[in-house]
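Taking it in order: structure first as structure tokens, then the write-up.
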Amino acid sequence: MDYKQQVTDALVPTLTDLTPDEIKTKIEQPKTSKQGDLAFPTFTLAKIMHKAPQMIAGEIVEKIDQSNFEKVVAMGPYVNFFFKKAAFSADILGQVLTDGADFGNAKIGEQGQVPIDMSSPNIAKPISMGHLRSTVIGNSLANILTKIDYKPVKINHLGDWGTQFGKLITAYKMWGSEAEVKADPINNLLKYYVRFHKEDVDHPEMDDVARDWFKKLENGDEEALALWKWFRSESLKAFKKIYERLDIDFDSFKGEAFYNDKMDEIVDILESKGLLHESQGAEVVDLSKYDLNPALIKKSDGATLYITRDLAAALYRKRTYDFVQSLYVVGNEQTNHFKQLKAVLKEMGFDWSDQIHHIPFGLITQGGKKLSTRSGRVILLDKVLDDAVALAHKQIEEKNPDLADKDAVADAVGIGAVVFHDLKNERMNNFDFNLEEVVRFEGETGPYVQYAHARAESILRKAGSPAIAADGQALSDPAAWDTLKLLSEFPTIVVRASDEYEPSVVAKYAIHLAKAFNKYYGNTKILVEDDELHARLALVKSVSIVLKEALRLLGVKAPDEM
RNA sequence: GUCAUGGUAGCUCAACUGGAUAGAGCAUCCGCCUUCUAAGCGGAGGGUUGUGAGUUCAAGUCUCACUCGUGACACCA
């Protein structure tokens, strides 16, 4: 049922000065239920009708056919519509119970493929809190897009190429050992890398050695290649453990190295179109007409750069997936890079450059400073997850020591807290890392939402998990009203989240729904035998379904007990 | 310096894209477990929405200027 349309239909006969479309776009949702369920502001009519908005509102109310509403009242300059609660609740509960987890699905994407460049950690470096954002935002967007009928392709564009491998090989050959790397690959490789950057300050000649090693690597030198492969596979093993903890998988691990042999074509195209110019010994594409710095395609020593590989990757993805959109979930400090990328593609004559979207996000800092692997200032994601799970364990021992599957629940709650925390605010917000904040279980957090869901499930168990009819669950209790209305908003929320590429829209919705339900739960006894018992259980079941689905879209689990 | 992005309660953030008395959480204080999970519920205090102008019936939201923070600014990614 389209309630906005219903309100529009009621208004049309009373408002001959406006078209139905104009009326519909002006209808808004009041801030609180006290002001009704939908409202029509009369300000714009004041000019046309030469009357005070309050008067117009009053006149509309007198003329309007109220039969489809509980009541229609004029409140100041607004005409406020109150829905019939019984009919509305039967309608929305019926939809949720019939559709189950599919509630909110939409046929928008028409199966169009959408590669999502996400996570993309660097080989030989640990996954830090910084990578978490790209990983969980990308994963959530993939879930949301799937829900509205797109086909996302999760691509982990590993940082497995570039001059840092020259440095790493150099460092390994100076101080490293096979035994050390085997024992603890990531940490020891990182140790070499950090030491390289420390000593390199006093010994700049090390940079030349490193450059040389990378050059060898690009030319297929056996020793360099063997070391590179080894570093890569060891790192990937460690990464996969973390992805497993987050319950996130990828459709592709094609990293930068994969495009190593696909850059010549890019350079050829650029040359044939006369776009490549020499500047200070390097090969660049001039982008001054886009107000951008030139894109550096080849360094003066002939080696390629980040953007060269990204151009090859963009073209490869277009050919492989014939995408309708191509997303890059990458920090906002790379905004210029993606502007350049799109501009160069456009210059190359690829009109699909418009389908490429950079999904930027804010920086995580510590003590106000940017995290930096080189300087060793890192927050290890594994450690944060460990801390969160340990804290969840502690909470379970305090609050629910008889819980059956403690380990699984502690994982779901601890990791859920961390993931939810990363998704609940707008992408672009920076945030300073604070462990206590991240692993908080009270207030507007992941565990708060999980708890509301677990309470709902608990009631259903206590009720004997009865079969609940999808039809005719009329619930007229005003205490349930806010929860019912929130349930009805879920489909809109999903679409908005995808339009804005904002998982936080879903996270905030989940908090609102959990809050409304907790309030209802705290003030209303659900399990009492009366006429509306089944309708209340239908509400509880619906809340459980939608909370679980909202959390799933965020990549957070919803245990039935906690 | 140029561009980008932000400035809302002590702290962290909302505000349905221009609408009604700017709302939550944390922290502080008070109340609620012999009733479905207290990871909860109810209540109190806390605001010149960075500053100044402008557009509008209406501005946290749009325009301009200024200001502070952060980031990027060709041989890193």
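Quick note on labels: first sequence line is chain A, next is B, and so on, each numbered from 1.
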Taking any heavy-atom pair under 4.0 Å as a contact, classify A:Val528: base, sugar-phosphate, or nothing. nothing

Could you tell me which nucleotide pairs with B:rG40 by Watson-Crick or G-U wobble geometry, both distances under 3.5 Å, or answer none if nothing does? B:rC32

So what does A:Leu533 hit on the nucleic acid, given a heavy-atom distance under 4.0 Å: a base, only sugar-phosphate, or nothing? nothing

Pick base, sugar-phosphate or nothing for A:Thr524, based on heavy-atom distances below 4.0 Å to the nucleic acid. base

Is the shortest side-chain N to carboxylate O distance from A:Glu457 to A:Lys548 below 4.0 Å? no

Let's see if you can work this out: which of B:rC75, B:rC41, B:rU37 has an atom nearest to the side-chain heavy atoms of A:Leu305? B:rC75

Closest-nucleotide mapping onto RNA chain B: is A:Pro53 or A:Val79 further toward the 5' terminus? I mean the 5' end. A:Val79

In terms of side-chain heavy atoms of A:Arg496, which of B:rC36, B:rA15, B:rU37 is nearest? B:rA15

For a quick check of understanding: with a heavy-atom distance under 4.0 Å over all strands, which category does A:Asp402 fall into, base, sugar-phosphate or nothing? nothing

For the C1' atoms, the ones on B:rU28 and on B:rG45, what distance do you get once it is rounded to whole angstrom? 9 Å

Quick check on B:rC76: is either OP1 or OP2 less than 4.0 Å from any side-chain nitrogen or oxygen of A:Lys299? yes

Looking at B:rC26, B:rC75, B:rU70, which one has an atom nearest to any side-chain atom of A:Asn430? B:rU70

Separation of B:rC75 atom C1' from A:Asp207 atom CG, nearest Å, is 13 Å

Distance between P atoms of B:rC16 and B:rC57 (Å, rounded): 22 Å

When all nucleic acid strands are considered with a 4.0 Å heavy-atom cut-off, which category describes A:Gln280: base, sugar-phosphate, or nothing? base

Looking across every strand, which nucleic acid part, if any, lies under 4.0 Å from A:Glu500 by heavy atom: base, sugar-phosphate, or nothing? base

Basic-acidic side-chain contact under 4.0 Å: A:Asp208, A:Arg211: yes

Quick one: label A:Gln450 by what it contacts on the DNA or RNA (base, sugar-phosphate, nothing), any heavy atom closer than 4.0 Å. nothing

Which value, in whole Å, describes the distance between the C1' atoms of nucleotides B:rU8 and B:rC68? 15 Å

In whole Å, what is the span from the CD atom of A:Glu561 to the P atom of B:rC36? 15 Å

On the side chain of A:Ser300, is there an atom forming a donor-acceptor pair with the base of B:rC75 - under 3.5 Å, no angle test? yes

Got a salt bridge between A:Glu347 and A:Lys289, using NZ or NE/NH1/NH2 to carboxylate O under 4.0 Å? yes

Looking at A:Lys47, does any N or O in its side chain come under 4.0 Å of the phosphate oxygens OP1/OP2 on B:rC57? yes

Give a yes-or-no answer on whether the side chains of A:Asn425 and A:Ser504 include a donor-acceptor pair shorter than 3.5 Å. no

Indicate, with a heavy-atom threshold strictly under 4.0 Å, whether A:Lys515 touches base, sugar-phosphate, or nothing. sugar-phosphate

In whole Å, what is the span from the NZ atom of A:Lys4 to the P atom of B:rC16? 13 Å

State whether A:Tyr448 places a side-chain N or O below 4.0 Å from either non-bridging phosphate oxygen (OP1 or OP2) of B:rA38. no

For A:Ala39, answer base if it contacts any base atom (sugar-phosphate contacts may also be present), sugar-phosphate if it contacts only those atoms, and nothing otherwise; contact means non-hydrogen atoms under 4.0 Å. base

Please give the distance between the C1' atoms of B:rA59 and B:rC41 as a whole number of Å. 36 Å

Same-atom distance (P) from B:rC62 to B:rA14, integer angstrom: 15 Å

What does B:rA27 pair with, Watson-Crick or G-U, if both distances are under 3.5 Å? none

Quick check: are there more than 12 heavy atoms from other residues, nucleotides or ligands sitting under 6.0 Å from CD of A:Glu398? yes

For B:rG31 and B:rA20, measure between their C1' atoms and round to the nearest Å. 32 Å

Classify the nucleic acid contact of A:Pro360 as base, sugar-phosphate or nothing, counting any heavy atom under 4.0 Å across all strands shown. nothing

Starting the side chain at C-beta, find the nucleotide from B:rA15, B:rA20, B:rA77 nearest to A:Arg309. B:rA77

Closest to the A:Ile459 side chain: B:rA77, B:rC36, B:rC41? B:rC36

Please state the P separation for the pair B:rG60 and B:rG43 - nearest whole angstrom. 27 Å

With a 4.0 Å cut-off on heavy atoms, is A:Asn429 in touch with a base, just the backbone sugar-phosphate, or nothing at all? sugar-phosphate

Contact under 4.0 Å: A:Lys508 side-chain N or O vs B:rC13 OP1/OP2: no

Between B:rC26 and B:rC64, how far is it from one C1' atom to the other, in whole Å? 38 Å

Given B:rC16, B:rC73, B:rG40, identify the nucleotide with an atom nearest to the side chain of A:Asn293. B:rC73

Does B:rU51 sit syn or anti, given that only angles within 90° of 0 count as syn? anti

Would you say A:Ser458 reaches B:rU37's phosphate, i.e. side-chain N/O to OP1/OP2 under 4.0 Å? yes

Is there a Watson-Crick or G-U wobble partner for B:rC64 with both distances under 3.5 Å, and if so, which one is it? B:rG52

Is there a donor-acceptor pair closer than 3.5 Å between any side-chain N or O of A:Gln450 and the backbone N or O of A:Lys557? yes

In the strands shown, is B:rA77 matched to any nucleotide by a Watson-Crick or G-U wobble pair with both distances under 3.5 Å, and which? none

Could you pull out the closest heavy-atom pair between A:His358 and A:Tyr328, with the gap in Å? CD2-O, 3.4 Å

Proximal nucleotide (of B:rG42, B:rA77, B:rA14) relative to the A:Asn425 side chain: B:rA14

Answer with base, sugar-phosphate or nothing: what part of the nucleic acid does A:Leu527 contact at a heavy-atom distance below 4.0 Å? base

Testing B:rC26, B:rC3, B:rA77 for proximity to the side chain of A:Lys339, the answer is B:rC3

The Watson-Crick or G-U wobble partner of B:rA4, with both key distances under 3.5 Å, is B:rU70

Taking a pair as Watson-Crick or G-U wobble with both distances under 3.5 Å, which nucleotide is matched to B:rG18? none

Chi class for B:rC33: syn within 90° of 0, otherwise anti: syn

Below 4.0 angstrom from OP1 or OP2 of B:rA38, is there any side-chain N or O of A:Arg455? yes

Using a strict 4.0 Å threshold on nitrogen-to-oxygen distance, state whether A:Glu502 and A:Arg496 make a salt bridge. no

With RNA chain B as reference, determine whether A:Ile511 or A:Pro41 sits nearer its 5' end, using the nearest nucleotide of each. A:Pro41

Quick note, A:Lys519 side chain, CB onward, closest among B:rC57, B:rC41, B:rA20 is B:rC41

Given A:Thr304, which of A:Glu218, A:Lys298, A:Lys299 fulfils the side chain to side chain donor-acceptor pair (under 3.5 Å) condition? A:Glu218

Please work out if A:Glu333 contacts a base, only the sugar-phosphate, or nothing of the nucleic acid, heavy-atom cut-off 4.0 Å. sugar-phosphate

Taking any heavy-atom pair under 4.0 Å as a contact, classify A:Lys399: base, sugar-phosphate, or nothing. base

Looking only at side-chain N and O atoms, does A:Tyr451 come under 4.0 Å of OP1 or OP2 in B:rA39? yes

Side chain of A:Gln334 (C-beta onward), nearest among B:rC36, B:rA77, B:rC41: B:rA77

Can you see which heavy atom on A:Leu539 is nearest to which on A:Ala480, and at what distance? CD2-CB, 3.8 Å

